[in-house]
Amino acid sequence: MDAKDILGLPKTPLSITQEKKSRPQKDSQRKPDGISREVYALTGGVAPLMPSIDVSQLKRRPPSDEKITWQWLPFTSSARKDNLQLYHWVRVVNGVPPTGDYSFAKYNKSVDVIRYTDEEYEKHLTDPKWTKEETDQLFDLCERFDLRFIIIADRFPTPRTVEELKDRYYSVSRTILVARAPSPGEVAGHPLVKEPYNVTQEIERKRALSMVLSQTKHQERKDAEVLAEAKRIAESRMAARAAEEPDLPIASDIGPESAERAVGPGDTISPSNVQVPAPAAAPSTSLRVYLRTYALEQMVQAASSSAGLRTIKRVEQTLQDLEVNLKPKVPTKAVCAEHLELRKEILTLLNLQKQLQYKEAEGSSFRDGSYGDMPGSAKRSQRAADQDRTFVLDTISFGVIPGDRGVKREQKRKGPGRASETSSSPAGAHKRPRKMKASDL
Amino acid sequence: MGKSEDSEKKKKMKDVEISVPIVYGNAAFWLGKKASEYQSHKWTVYVRGATNEDLSVVVKRAVFQLHSSFNNPTRIVESAPFELTESGWGEFEIAITLFFHNYVCEKPLNLYHHLKLYPEDESGPMSTKKPVVVESYDEVVFTEPSESFLARVQNHPAVTFPRLPAGFTLPPPVPQDESKRKRGDTKDHPLSQWFLNFSEADELLQLAAARQQVQTHIAKLRRQISLTDGQNQPFKSL
């Protein structure tokens with residue numbers, strides 16, 4: 001059903017999809033023949049993402065031997081059971097109105113709800129928790145609303161949960177099917193029989209789903225941390241088992257795709273191919289191999305798992321300010337260890353800054369509360385503005401930086417002693433610096 | 001050896017690791033006059049020891065997975081130097097899989113390198129004499145190495161040998177017949193003049209300086225915090 005179908009226009013003789021398929025499969029490394037590589041690169045170097053509409057088809061007018069008029073005509077639809085006479089505009093070709101059923105009638109699908117007889121009810125379907133009346137009502141609603149259980153639950157006269165209604169409906173239908181079938185084998189393939197509705201499982205599943213959806217960011221991060229740890233443990237165990245099977249080498253995919261392993265927290269053995277090794281008989285082969293950059297990345301992630309994205313960005317900005325590579329160019333054991341320690345120290349630094357900010361804000365709010373209007377407050381706000389600037393500079397720069405940059409930074413400040421004045425001056429309404437809000441950290 | 005001694009040994013060996021510093025990357029020469037549309041550059045992708053030593057003591061073979069538009073995109077190199085030379089025009093990611101000897105490790109290791117042909121500075125002229133070289137330093141770390149592995153590499157220059165736990169002795173190395181094998185190191189490699197230098201000293205220095213600054217700043221903040229605490233105290237006791 002493509003756009004033309006929905007609009008009710010006749011299909012074109014050569015469909016657009018065929019034109020697309022006839023063009024050979026290209027990828028970004030090979031250019032098509034006929035145009036030079038540079039021109040093709042202008043389009044981004046790949047085949048168009050969306051099938052383009054054939055422009056020549058759009059402008060095509062109907063052939064001139066056909067006379068087209070539009071008429072307001074009555075029509076019937078097989079989807080309606082009453083004999084309501086409706087009218088609509090119809091495209092008439094050469095005086096011949098189109099035949100056939102109303103084109104939207106085919107969309108009138110409904111569900112086959114199985115109805116039981118009273119006899120069948122007596123025989124198979126009685127249940128202590130359900131009266132016949134209720135069951136009848138349930139089935140009426142099911143038929144009326146095409147098994148939309150949320151609506152059915154809403155409209156149900158007595159209060160019942162969606163799971164209860166589903167359970168009753170599916171078990172009744174199942175029983176009827178099985179009862180009516182000449183032999184159990186025949187009906188065993190029916191989806192209602194093959195997969196019975198499990199109420200407790202459904203309730204549990206929905207509860208778990210809502211829990212997952214309502215997790216806080218904090219919880220999410222904790223989970224990600226735990227999963228990463230579990231993955232590492234599982235990998236090392238898998239390596240242990242892999243070492244037992246010399247003819248089944250499994251690549252330790254340490255690279256961009258490594259996140260794709262499906263490992264749950266409790267999952268320790270990859271189900272694919274490794275057999276359980278004989279216990280305590282590990283041969284003396286190495287268990288694991290990894291790239292040091294990969295290990296460093298993991299450790300950096302673990303160290304910053306409790307930090308928000310903004311904090312991580314600030315750590316990286318600080319590293320850049322210190323002229324340290326975000327990823328070490330020469331990752332030896334010593335370099336990686338130092339790098340990790342540095343990152344941790346920067347995190348501590350940022351935390352301390354935040355702490356100091358809070359305490360100062362606290363202090364200033366105490367003073368504001370108890371002093372209100374004070375003479376000389378104009379002077380104070382002037383100093384506050386200055387302190388804003390130097391405070392901001394203080395937190396980003398690091399005092400004397402070796403090299404030229406140090407000279408420039410020093411010149412920006414009002415005076416050499418100013419930096420230390422910033423936070424230690426007690427008096428003065430110290431406004432919160434504009435650049436950093438408490439919510440940033 | 002009894003089982004208890006074995007597990008004792010394993011425990012001691014837990015923190016022992018062997019690391020092999022490697023450099024992997026590519027060197028690409030523009031073909032200049034001889035360049036055609038599909039073959040504008042001649043490039044070599046390689047994995048070498050960081051100090052140009054022979055890696056074949058550890059690496060059994062290297063498999064370079066090229067772009068699918070190449071014939072036989074899976075190229076296997078069975079001996080050092082582990083490199084592959086091809087010609088083409090496109091830049092793409094090459095997956096390099098290193099397979100190690102049995103006594104080293106059962107599992108292979110994957111490296112990924114983005115082939116670079118064109119210089120960063122697009123406006124500069126392309127030279128046929130000077131190649132575009134991009135290299136990455138990394139270290140392959142083997143945890144809990146086996147005795148045979150340790151014995152085999154004990155004095156090999158390509159390998160960073162760990163300090164062994166106290167009282168641990170290795171069997172003497174099996175003398176290798178050096179004459180038969182051809183040299184696998186890259187010291188006199190034709191491309192060696194273009195190899196980049198990786199010095200950990202510079203990086204360590206930079207890191208040490210940075211840590212110093214951060215630590216000083218931390219101390220200062222700590223002082224300021226306790227000072228502010230002191231100022232806020234009178235208010236709190238109200």
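Since we're looking at a predicted model, the values are computed, not measured. In what follows, chains carry the letters A, B, and so on, assigned in the order in which the sequence lines appear, proteins first and then strands, with residues in each chain numbered from 1.
When the candidates B:Ile218, B:Ile225, B:Val141, B:Leu221 are compared by the number of heavy-atom contacts under 4.5 Å with chain A, B:Val141 comes out ahead. Among the candidates A:Val324, A:Thr332, A:Val335, the residue making the largest number of heavy-atom pairs closer than 4.5 Å to chain B is A:Thr332.
For B:Glu200, there are no salt bridge (charged side-chain N to carboxylate O under 4.0 Å, His left out) partners, not counting sequence neighbours. Every residue two or more places apart in sequence or in another chain that forms a side-chain contact (heavy atoms from CB on, under 4.5 Å) with B:Ile76 is listed here: B:Arg61, B:Val63, B:Glu78.
If you measure heavy-atom distances from B:Ser199 to chain A, the contacts under 4.5 Å come from the backbone alone.
Looking at A:Lys333 and B:Glu17, a side-chain N of the basic residue comes within less than 4.0 Å of a carboxylate O on the acidic one, giving a salt bridge.
Aromatic ring centroids of B:His156 and B:Phe161 lie 6.0 Å or more apart.
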